[in-house]
Asker: 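First the structure, which I've put down as structure tokens, then a few questions once you've had a look.
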Amino acid sequence: MCPEDQTLSQYFDGEFDRSQKEYIEHHIDGCEKCAVKIEEYTRTRLDMLDFDEPDIEQSKYHVYAALQNDPRFQEKTVFWRRRILVPAPIIVLTAAVICILFTTLFVTIGIRTGNTIALRRQSPLQLRMDEIQLDELTRYFDSQDFMIEVKMDIPGKRDFSIVGEPQLLKVGESKRLK
Amino acid sequence: MSVVPLIAQEDIDEILQLVQENAFRIVITARVIANNKVSVWNMKVSRLTISGKTVNVKLTDENIIVIAYITPYLEEDHSITLMAQGQVYLSNSKKGGVQYVSSVKSLPIELGETVLFYPLGVADDKDKETDHFIIELEIQVLPYS
Amino acid sequence: MSTEGSKQEFIEVYEHVFPVIFRIAYHITGDTAVSEDLCQEAFVKYYQRMDPLPNVDQAKYWLIRVLKNLAYNFEKRRIRELKAYTRVLQQGEREAPSGEQEALRQEALSRVQKSLQKLPYKLRSVLVLKEYGQLSYKEIARILKISEGNVKVRVFRAREALGNIIKEGDYVP
């Protein structure tokens, strides 16, 4: 007797334990109607997994760049949750020291005004992405081809399978024999 | 919001050049390995990228699609964290359906160091399975210049 | 926790979870720009959490839950705006501006995405969580705060309905 379609759907989603799964698989092997149902579900799933969806990596990059510029992403109040009571004269003194220090730095480094920004040539690696117009950079890098698509052309029959947990290893830690 | 004054064209070129000087070149060699021993297929590509920008490799065959997303992150102390995300879609010819496996791995690395990414895993040498194939991605992050 | 450590953890969560929630957002809303905005909102909320979650999987479930709520609110707003424009402009022979925009948007979507958009929101969201979020019935039940039995029924109905829409072209409840 055929299981209900809802049960087949549940089996298709891998929601059964091993013995239940084997029981249903055994039934499907001998039942055209249920095999066709599973085929329909497979087709629907493959249609949904159609790779014509938008470029996720592009969006991931856009959103990451947007996060860098989002002021809410920069406020992290975790370390300042505690309220610290400081007498007013000390606040005034601290503010004055900070002003003097900032003015001195400003004069020393000599930031250019006008239509340009200063590039901190002393430490280029600290060049912050939010000092550059992101859409300019994005356009430049978007013009590069970041999705490399390759059809593997392997002679003979090949049977890929998932043999274990995916791994990222340094050379030398790899177990593969040379 | 970033407070960015208008930038003159010469400065954009200068900035782009500066970024290129600090960009990475990612070199990826993809291999198909039979029975943990023999490479039966390989291909090598390289791409210029910057910290946080992903290079993707999509490998397809009759019953498999593997997409690897490789992203280098330059940390403030100038070290590099390499993120490798693998998505595998494997069709099961016997039972029908599509198996899907996703993984994200990260590793601190040095410039020029070689790492290996196995999106299908690595079989144990003790496995007696005949004729199995796995995919190996050899990744190197090099300075652009 | 040091800022270095928390930044590293955020990046790890971002890398792992972004593709999942972006796919979910896209297949619920059908719009790339909107999906990017929803993902940005979700990650800002995650960043602003005072108590970090113990592992990436917990972070994933939390973000999916947040994203689902944001997407649901977006859908409600869009339907409300469409209805409001329709009422104000007394749509009869003339297309309301948002009706035109909606038609253009639909044209641009892929065939499958168009079919998905025809499903009622309750069925669409559960199937999207299953197929693009790669979640079990138990996980979906937790996120949607419904029973597992309910999830099972909705996934089944959604799958059957989507299959029919792709074949016949329209949703028949």
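Order of the sequence lines sets the chain letters (A, B, ...), proteins ahead of strands, with each chain counted from 1. What you are looking at is a predicted structure, and each value in this text was computed from that prediction instead of being measured.
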Asker: If I measure from the heavy atoms of chain C, does A:Ser9 come under 4.5 Å with its side chain, its backbone, both, or neither?
Answerer: both

Asker: Evaluate the side-chain proximity of A:Tyr64 to C:Gln40: yes if any heavy-atom separation is below 4.5 Å, no if none is.
Answerer: no

Asker: With a 4.0 Å cut-off on N to O distance, would you call C:Arg159 and A:Glu40 a salt bridge?
Answerer: no

Asker: Against chain A, label C:Tyr137 side chain, backbone, both or neither, depending on which of its atoms sit under 4.5 Å from a heavy atom there.
Answerer: both

Asker: Compare every heavy atom of C:Cys39 with every heavy atom of A:Val63, then report the nearest pair and how far apart it is.
Answerer: CG1-C, 4.4 Å

Asker: Once rounded to the nearest 0.5 Å, what's the spacing between atom CD of C:Glu160 and atom NZ of A:Lys37?
Answerer: 3.5 Å

Asker: Side chains of C:Leu127 and A:Met48: does their closest heavy-atom pair fall under 4.5 Å?
Answerer: yes

Asker: Less than 4.5 Å to any heavy atom of chain C: does that hold for the side chain of A:Glu15, its backbone, both, or neither?
Answerer: side chain

Asker: Taking atom NZ of C:Lys152 and atom CG of A:Asp13, what is their separation to the nearest 0.5 Å?
Answerer: 11.5 Å

Asker: Is the charged tip of A:Arg72 near the ring of C:Tyr47: under 6.0 Å from the six-membered ring centre and within 45° of its axis?
Answerer: no

Asker: Just so I know, are the side chains of A:Gln58 and C:Glu36 near enough to count as touching, which here means a heavy-atom distance under 4.5 Å?
Answerer: no

Asker: Are the side chains of A:Tyr61 and C:Phe18 in touch, meaning some heavy atoms are under 4.5 Å apart?
Answerer: no

Asker: Using 0.5 Å steps for rounding, measure from the CZ atom of C:Phe10 to the CG atom of A:Leu67.
Answerer: 5.5 Å

Asker: Give the minimum heavy-atom separation between A:Ser59 and C:Thr32, together with the two atoms involved.
Answerer: OG-CG2, 3.8 Å

